[in-house]
Amino acid sequence: MSNKLIIFEQLEVDRKKPINFKEEDAHLFQHELKKIIPESYLLELTQPVIINNSIFDLKNFNFYFKHTFYRSHSISKIAKDTLKNIINAKKGIKNLDKGVWIVNSKSRNFGHFIIDAMCRLMLIPDSYNNYPVLLPSSFNINWIIEIFDYLGIKYFLLENNKKYRVNELILTSDAHPSGNFNPDIVNNLRNIFLDKIEKNTDKKENRIWAYREHISRAVGNFEQIEKILNKYNFQLVKTEQLNLVEKINLFKNTEVLAGTHSSGLVNMIFMSKGSKLFEVRDYKDSHKNALFSLASALGIDYFYTERSESLIDGDGNIDPIRFEHSLIECL
């Protein structure tokens, strides 16, 4: 059995064009300037069974795939992973009184955890604050636990392959389609992070380049780009090496966050309204607009340039002349 509770009604969002918008780039952004954000809601489930990341309502033969799998995953992956959970399930079942579910199959990525899972947490009314967030064992990751501890969020780690029956489970819908954001939700999320940090009147002077060369999506000619960044006083920061408080303190005092398209730029969630994001977009890519959308929702001025060639084997050069010109526009 389940009851549906609407938290945010459907809304239409209008986004301004990038500050350094060029008419020849209209195809990159035109389809993103006006979007419908569907309603978001909670389902109150009675005695569903959970195995890892799978949720079953066996009486009504409901598997809640769209609440537990990322939207782009194929039917074959969903079926394979669900069957694997069932086959590998241990004997016996443990009863839990209550819980909240906010994650999907891609939420272990930092960017997706912030913009998908944590935004789903923003749907939970205060009346459910004493319900722990239920996390599959694969989410027992230091930086995830650090976020929950910092915010004082109750959580319960599920044992791998163990069956749980939850007397009352609050199952969240997507807060918004991934990459298209409800401004109220992302601003609420920013506020709960920043409200726990001591207020100060420091000027937002940091210029940060989210460094990813050692992880993925490298820039083939980064030595040239690094010289330009040094010229304009950018710090190269490996964001994944900072703890949460270090990230918040750094980015709330950041004037410009720049980098190639990656989850490192999702750290703009810790930045103040009126600061700037400078994204190096993938070559001729009109699809990946999540960072443009997030900047718009947060009131952060968005600037961009593109790589000069497609990513091949993880590389993809940036035209240094075009890059510096676009960077000057931002600064």
Side-chain angles (χ1 to χ4, degrees), residues 10-38 70-72 106 109 111-112 114-116 119 174-187 189-190 207-210 212 217 219 225 228 251 254-311 316-331:
Q10 175 180 295
L11 77 155
E12 182 177 87
V13 295
D14 292 298
R15 302 176 184 134
K16 64 181 181 181
K17 296 175 182 177
I19 305 301
N20 64 333
F21 176 77
K22 307 293 189 299
E23 285 297 334
E24 61 265 28
D25 295 329
H27 64 287
L28 300 177
F29 301 102
Q30 201 62 46
H31 55 295
E32 298 291 344
L33 299 181
K34 189 182 293 288
K35 283 288 188 179
I36 299 295
I37 308 299
Y70 189 65
R71 57 183 172 83
S72 65
K106 203 167 183 177
N109 168 280
H112 283 280
I114 294 295
I115 63 179
D116 293 335
C119 285
D174 288 337
H176 29 232
S178 187
N180 281 290
F181 304 99
N182 181 320
D184 288 337
I185 293 174
V186 294
N187 280 281
L189 180 59
R190 169 166 60 185
R207 295 176 177 179
I208 304 298
W209 177 269
R212 305 283 292 181
R217 308 173 64 80
V219 176
I225 300 305
I228 298 170
F251 290 110
T254 290
E255 174 195 9
V256 182
L257 171 59
T260 56
H261 179 88
S262 71
S263 61
L265 297 186
V266 174
N267 286 290
M268 76 173 96
I269 195 71
F270 308 125
M271 293 169 65
S272 302
K273 185 176 181 179
S275 50
K276 301 175 184 179
L277 183 80
F278 180 80
E279 179 187 17
V280 180
R281 299 171 62 93
D282 289 349
Y283 179 68
K284 292 185 178 180
D285 184 358
S286 62
H287 176 65
K288 293 191 285 291
N289 274 298
L291 297 169
F292 165 62
S293 169
L294 184 58
S296 176
L298 291 170
I300 292 172
D301 290 339
Y302 177 88
F303 296 79
Y304 71 100
T305 190
E306 286 184 283
R307 292 182 190 251
S308 57
E309 59 184 39
S310 299
L311 284 164
N317 287 348
I318 298 173
D319 182 333
I321 296 175
R322 181 178 179 183
F323 175 82
E324 184 170 10
H325 175 74
S326 298
L327 191 63
I328 291 171
E329 288 181 317
C330 176
L331 300 177

Exercise for review: Show your reasoning for whether side-chain contact (heavy atoms from CB on, under 4.5 Å) applies to Ser326 and Asn20.
Suggested key: CA-CA 8 Å; Ser326 298; Asn20 64 333; 4.3 Å; yes
**Study point:** Steps toward side-chain contact (heavy atoms from CB on, under 4.5 Å) verdict (Arg307, Val219)
**Key:** CA-CA 9 Å; Arg307 292 182 190 251; Val219 176; 3.8 Å; yes
Practice item. Please assess Trp209 against Thr260 for the test side-chain contact (heavy atoms from CB on, under 4.5 Å), listing each intermediate value before the final yes or no. Key: CA-CA 9 Å; Trp209 177 269; Thr260 56; 4.2 Å; yes
Point to revise | Verdict with supporting geometry, Cys119 and Val186, side-chain contact (heavy atoms from CB on, under 4.5 Å) | key: CA-CA 7 Å; Cys119 285; Val186 294; 3.9 Å; yes
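Among residues two or more places apart in sequence or in another chain, the side-chain contact (heavy atoms from CB on, under 4.5 Å) test is passed with Ile19 by Lys16, Asp301, Phe303. Here Gln30 pairs with Ala26, Leu33 under the side-chain contact (heavy atoms from CB on, under 4.5 Å) rule; sequence neighbours left out. Among residues two or more places apart in sequence or in another chain, the ring-ring contact (aromatic ring centres under 6.0 Å, His included) test is passed with His112 by Tyr70. Legend: residues meeting salt bridge (Lys or Arg N to Asp or Glu O under 4.0 Å) with Asp285, ordered by chain and number and at least two apart, are Lys288. For His31, the side-chain contact (heavy atoms from CB on, under 4.5 Å) partners at least two apart in sequence or on another chain are Ser286, Asn289. A search for side-chain contact (heavy atoms from CB on, under 4.5 Å) contacts involving Ser293 returns Arg15, Asn180, Phe181, not counting sequence neighbours.
Here OG1 of Thr305 is found 4.5 Å from CZ of Arg322. Values are rounded to the nearest 0.5 Å. Taking NE2 of His261 as the start and CZ of Phe292 as the end, the distance is 13.5 Å to the nearest 0.5 Å. Atom NZ of Lys276 is separated from atom CE of Met268 by 15.0 Å, given to the nearest 0.5 angstrom.
In terms of heavy-atom proximity, Arg212 sits nearest to Ser263 at NH2-OG, 3.7 Å. Closest approach of Pro177 to Ile37, counting heavy atoms only: CD-CG2, 4.2 Å.
Within 6.0 Å of CD1 in Ile321 there are 12 or fewer heavy atoms belonging to other residues, nucleotides or ligands. Within a 6.0 Å radius of NE2 in His287, other residues, nucleotides and ligands contribute 12 heavy atoms or fewer.
Put simply, the side chain of His176 gets close to the backbone of Asn182: a donor and an acceptor are under 3.5 Å apart. Side chain of Arg190 to backbone of Leu298: a donor-acceptor contact under 3.5 angstrom is found.
With Tyr304 as the partner, the side-chain contact (heavy atoms from CB on, under 4.5 Å) test is satisfied by one option alone out of Leu277, Val280, Leu291, Asp25: Asp25.
Note on Glu306 versus Lys284: no salt bridge recorded, every NZ/NE/NH1/NH2 to OD/OE distance being 4.0 Å or above.
Aromatic pair Tyr302/Phe21: centroids not less than 6.0 angstrom apart.
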